[in-house]
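A short write-up of the structure that comes next.
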2 protein chains.
Amino acid sequence: MQKTPTIRDVAQAAGVSLKTVSRVINSDKGVSAETRKRVLAAIEALGYRPNALARSLRGRKTYTIGVVITDITNGFFSTIVRGIEDEAFARNYSVLVANSDELLEKEKLYVRIFVEKQVDGLIIVPATGSQEYLRDLASHIPLVFVDRPPRDFSGPVVQVENREGAYRLTRHLLEHGFERLAFLASDLRLPTVQERFAGFRKALDEVGITLHTEMVKDGAKTIHEAYRKTHELFVLPLRPQAIFAANNLVVQGVLKAIRERNLRIPQDVAVVGFDDFEMADLVQPRLTVVAQPAYALGKEAAVLLFSRITCPSVAGETVVLPVEVVLRGSCGCEDVPQEKTFLKGVRNST
Amino acid sequence: MQKTPTIRDVAQAAGVSLKTVSRVINSDKGVSAETRKRVLAAIEALGYRPNALARSLRGRKTYTIGVVITDITNGFFSTIVRGIEDEAFARNYSVLVANSDELLEKEKLYVRIFVEKQVDGLIIVPATGSQEYLRDLASHIPLVFVDRPPRDFSGPVVQVENREGAYRLTRHLLEHGFERLAFLASDLRLPTVQERFAGFRKALDEVGITLHTEMVKDGAKTIHEAYRKTHELFVLPLRPQAIFAANNLVVQGVLKAIRERNLRIPQDVAVVGFDDFEMADLVQPRLTVVAQPAYALGKEAAVLLFSRITCPSVAGETVVLPVEVVLRGSCGCEDVPQEKTFLKGVRNST
DNA sequence: CCCCTCCTTGACAACGTTGTCGTTGAGAGC
DNA sequence: GCTCTCAACGACAACGTTGTCAAGGAGGGG
C-alpha cells in the first residue's frame, strides 16, 4: 500500500503551486494552456486522484445522500431505491443505504451516522414510532419521506393514493358479489396500512356491510406470518369469500396458505393485493392488485430532495402519486393475459 | 440553517482545550471525571455531533465501503446487498451502493467515485468486459468480488458452485427421460453463465446427447427478452422437452411465454431455473431450481473484505459456497409442497 | 513613457478533527 | 525539602482541499 499522491505532489512535479493544480482539476479559468498541459501530465504520471473527503470538508458538500428504508430485500423498496439511485447518479450524487427493519432505534442510529457523515440530504421510509427526534435535524439538513408520512413531525412526503386505491379495489371486489371480505395487514400502525384499511372500510360501509373483527388480521410482517394468519382465517366458522392483502409480502403468504389448503382462486376464495410485482403476473390465476409506481416514488422523492438541497427555501409539500387497479384473474374477473404488462420494468433507462 | 457546532465551540463552552473535548468524545483516558462531566454537558447543551468527514480525513478511515452490483431491483442482488449491509452494520460501517446495469463504463465510473470518496473497501459484481483497470487500484484498497470473478485481473471472489449446480440439475432432468434440453441464458459472456453452461453441457455429454445450437439461446437479459426467446424455441420443428433457465429473470420470461402458449408444465415442457426466489414456490407447479445462498454470498464477501481491511496482508482466496438442488414440480417430479421452504428469509436477524 | 487593465500565478488560511509532544501540578519516596 | 513520577491538560501541526487576496508581468491606450 503505497502512499497516494496528493495535490501537493502534483504541484511539485509540475513545478507550480497548489492552487494552480486545484484550478486545473476544477477546470477553473485563469490557467494558461501551457501550464494546464504540464499539470495534467503530472496528474497522469503520478496517477493522482482528488480526495473527496478533503474537498467535502472544505466545500461543505459531500455529494452523498442517505437513504433509510425498511428492507432492501423487499422488491417494493429496492425499486424505490433504484429510482432514487438513478436520479442521484444523474446529478453526480452517491447513495448510502440502510435497512431499518421497521425498527425505530435502527432508523435513529442510521440517521445519526449519516448525518455525522455529512450527507447532503436524507430520504427516509419512517419506521413505526415517533419521528419527533428529527425535529432539530430538519433545520440543518433537507429531509424527504417516501411511502409513508412521519409521525409527530411534519415534512415533505412522496406517497401514493393508498386510501383511494384500496377503496377502488374493494369496490371492485364487492361488485363481484363478495360480502365476507378479510383484510390482512402487516402492521396496522403504519400510516400506509391505515389508509388502505380506511379505503377498504369505506367501500364496505357504503354498501352497508358490517366488518367483523375476525376478518381483520394484523401483524403479518413476514410471508410466514401472513401464511399463518391466512390459515387462521380458514378455520373460522364463516370463512372469507375474498382476501385483501395489504402488501406484497402478505399476498405471498396468503397464496401459499391457500395453495396448501387446495382451495381454488377465485372460486373458493378471491385474493387481491396491494403493490404489483413480477410474481403477480406469473401465478395462476394472475393476481389482481393495486399497482404502485414504486420507481417513480423513489425518483420523485429524489427530485424533491435535490430541489431542496439546491434551494433550501423550497418547502417541499406532500406529493401523492396515482395508483392503478390492475384487474387480472384472482378477483373473479376473467383473466385475459396480455403482453406488455411489464410495469416494473418501465424506467427511463440509463 | 444555523451553523453546526464544532469541537471548538464545545471546548469554549466547557472552558477546556480542543484536545480535551476530543478525548472525551473518543473516551480516551486522561480526563478527570469532573472535566468529562463538564464537557459532556457542553456537548449536550450545544447539540454537538462530531464531523465524520474531518475525522476520516485525519484518521484515513471512512468506515464506509462501496458496493457495485448490476441491479438492486433483482432479488438476487438485493439479497446479496442485504448480506453485506448486515455485516457492515455489525462493524459500524456504512454502505454506498451503485447499479452498474452490467455496463463496464458505469462500473468504472462508480469505482472511481467511491475511491475518491475514500471508501475503506470495495465489493464488486464485475460487469462483462475487462477489470484490468483495477490493477493499480488493488494495491491501494481492498477489493472483493461477489458472484463472478473479474476478467483480466485476479482478486478474491466469493461465488457459488455454478458448474456443479447446473450439472446436477441437468442430470436430474435427464433422469426424467428428457432428451431435447434447451439452455436459455442472459449473457453467455458472463463467467457464471459460462460455468452453468459448462455444467449443463457436461451432463449432456456424459449420456451422449448432442446439443443442437438452436437449443441454446443467448442474450435474454430481461424478462421480456427471455419471453421472446422462449417463443422462438417453440416455433422450431423440434421443440424442447425441457428448458434450463440460467437465472431468475430468464425463468420468469420462460414461464410467461409458456403460459401464453397454454402449454402444461411439466407435461408439455419441463422448466428449471438457476437461483431460488419466493416466486419459485408460488407458481404452479412449483419451480425446481438450483438455490443459491445469496444472503451468505454477500455476508461472506463482506467478512472477507473486512478481514482484508483490518489486516491488509490477508491474501483473500476464492470462496465457493455450495448450492442446493431444490426439487419441486416443474421438472417432472411429483410436487409435494411442504412448509418451511422459506429459505430466503433465513437470516441471522438483527 | 507611463498608467491601467487583465491574465496568470502563488501564499496563506481555513474546513473539523486527532496525534505528538510539552507543560503543569500534585503526590510519593528518600 | 528535594527529586521523581504520573495524571491531567493544552499548543501546535497535520490530514488534502479550496477561497481570498495579492503579486507579477504583459499588453494596450493616452
Side-chain angles (χ1 to χ4, degrees), chain A residues 1-40 42-43 46-64 113 115-120 140-141, chain B residues 1-40 42-43 46-64 113 115-120 140-141:
Chain A
M1 306 262 172
Q2 45 186 303
K3 192 177 171 301
T4 359
T6 76
I7 208 175
R8 175 166 275 110
D9 301 316
V10 175
Q12 195 164 7
V16 296
S17 76
L18 295 184
K19 186 66 224 204
T20 300
V21 178
S22 170
R23 274 192 264 259
V24 172
I25 296 167
N26 298 289
S27 348
D28 285 358
K29 58 192 170 200
V31 180
S32 73
E34 219 265 314
T35 324
R36 159 163 283 119
K37 221 171 71 185
R38 225 170 53 241
V39 171
L40 287 175
I43 288 177
L46 294 172
Y48 167 78
R49 292 275 103 220
N51 182 324
L53 238 43
R55 257 207 242 248
S56 296
L57 178 60
R58 181 65 239 236
R60 305 171 159 291
K61 202 152 175 21
T62 53
Y63 287 95
T64 301
I113 293 174
V115 168
E116 290 187 0
K117 292 199 171 164
Q118 311 294 120
V119 291
D120 293 342
H140 290 297
I141 175 177
Chain B
M1 305 260 173
Q2 46 187 304
K3 191 177 170 303
T4 358
T6 75
I7 208 174
R8 173 165 278 108
D9 302 315
V10 175
Q12 194 163 6
V16 297
S17 77
L18 296 184
K19 186 66 223 207
T20 301
V21 178
S22 170
R23 275 191 264 259
V24 171
I25 297 168
N26 299 288
S27 347
D28 286 357
K29 60 193 168 197
V31 181
S32 73
E34 219 266 312
T35 326
R36 159 163 286 118
K37 220 171 73 187
R38 229 173 46 244
V39 172
L40 287 176
I43 288 177
L46 294 172
Y48 167 78
R49 291 275 104 220
N51 182 324
L53 238 43
R55 255 209 243 249
S56 295
L57 178 60
R58 180 68 238 234
R60 305 171 160 290
K61 201 150 173 27
T62 53
Y63 287 94
T64 301
I113 293 173
V115 168
E116 289 187 0
K117 291 197 171 165
Q118 312 295 119
V119 292
D120 293 343
H140 291 297
I141 175 178

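We name chains A, B, ... by the order of the sequence lines, and we start the count at 1 in each one. Since this is a predicted model, take the numbers as computed values, not measurements.
- Whole-Å rounding puts the B:Ile7 CD1 to C:dA14 C1' distance at 16 Å.
- Contact annotation: B:Thr35 side-chain N/O to D:dC9 OP1/OP2 distance is under 4.0 Å.
- Within the 4.5 Å cutoff, side-chain heavy atoms of A:Arg55 are placed close to those of A:Pro50.
- Atom-to-atom distance recorded for A:Gln118:CD and B:Arg49:CZ is 11.5 Å, nearest 0.5 angstrom.
- Whole-Å rounding puts the B:Asp28 CG to D:dG10 P distance at 14 Å.
- Which of D:dA8, D:dG16, C:dT18 sits closest to the side chain of A:Ala54 comes down to D:dG16.
- When the side-chain nitrogen and oxygen atoms of A:Thr20 are compared with OP1 and OP2 of C:dT8, none of them lie within a distance under 4.0 Å.
- Within 4.0 Å (heavy atoms only), A:Arg36 reaches no atom of the nucleic acid at all.
- A straight line from NZ of B:Lys19 to P of C:dT24 spans 20 Å, rounded to a whole angstrom.
- Residue B:Leu57 places its side chain closer to C:dG16 than to any other of C:dG16, D:dG10, C:dT17.
- Using a 4.0 Å heavy-atom cutoff across all strands shown, B:Ser56 reaches no nucleic acid atom at all.
- When the shell of 6.0 Å around CD of A:Glu116 is examined, it contains more than 12 heavy atoms from other residues, nucleotides or ligands.
- An OP1 or OP2 oxygen of D:dG16 is reached within less than 4.0 angstrom by no side-chain nitrogen or oxygen of A:Thr6.
- A:Arg23 comes within 4.0 angstrom of a base, heavy atoms only.
- For the pair A:Glu116 CD and C:dT18 P, the computed distance is 11 Å after rounding to whole Å.
- B:Thr6 contributes atom OG1, which lies 9.5 Å from atom CG of B:Leu46 (distance to the nearest 0.5 angstrom).
- Rounding to whole angstrom units, NZ of residue A:Lys61 and C1' of D:dT18 are separated by 16 Å.
- When each of D:dG19, C:dT9, D:dT17 is scored by its nearest atom to the side-chain atoms of A:Tyr48, the top-ranked nucleotide is D:dT17.
- The nearest heavy atom of DNA chain D to A:Asn26 and to B:Gly15 marks one nucleotide each, and the one closer to the 5' end goes with B:Gly15.
- Crowding of B:Tyr48 atom OH: a count of heavy atoms from other residues, nucleotides or ligands under 6.0 Å exceeding 12.
- Rounded to whole angstrom, the span from the NZ atom of A:Lys29 across to the C1' atom of C:dC7 amounts to 11 Å.
- Contact annotation for A:Gly30: base contact, defined as any heavy-atom pair under 4.0 Å involving a base atom.
- Residue B:Ser22 places at least one side-chain N or O closer than 4.0 Å to OP1 or OP2 of C:dT18.
- Regarding A:Arg8, its CZ atom lies at a distance of 13 Å from the C1' atom of C:dA13, rounded to whole Å.
- Summarising the geometry, the separation between CD on B:Gln118 and C1' on D:dG16 is reported as 9 Å, rounded to the nearest angstrom.
- Of the candidate nucleotides D:dT18, D:dA14, D:dA11, D:dT18 has the atom nearest to the side chain of A:Arg58.
- Between B:Asn26 and B:Ser22, some side-chain heavy-atom pair lies under the 4.5 Å cut-off.
- If you check D:dG16, C:dT9, D:dG10 against the side chain of A:Asn51, the one that comes closest is D:dG16.
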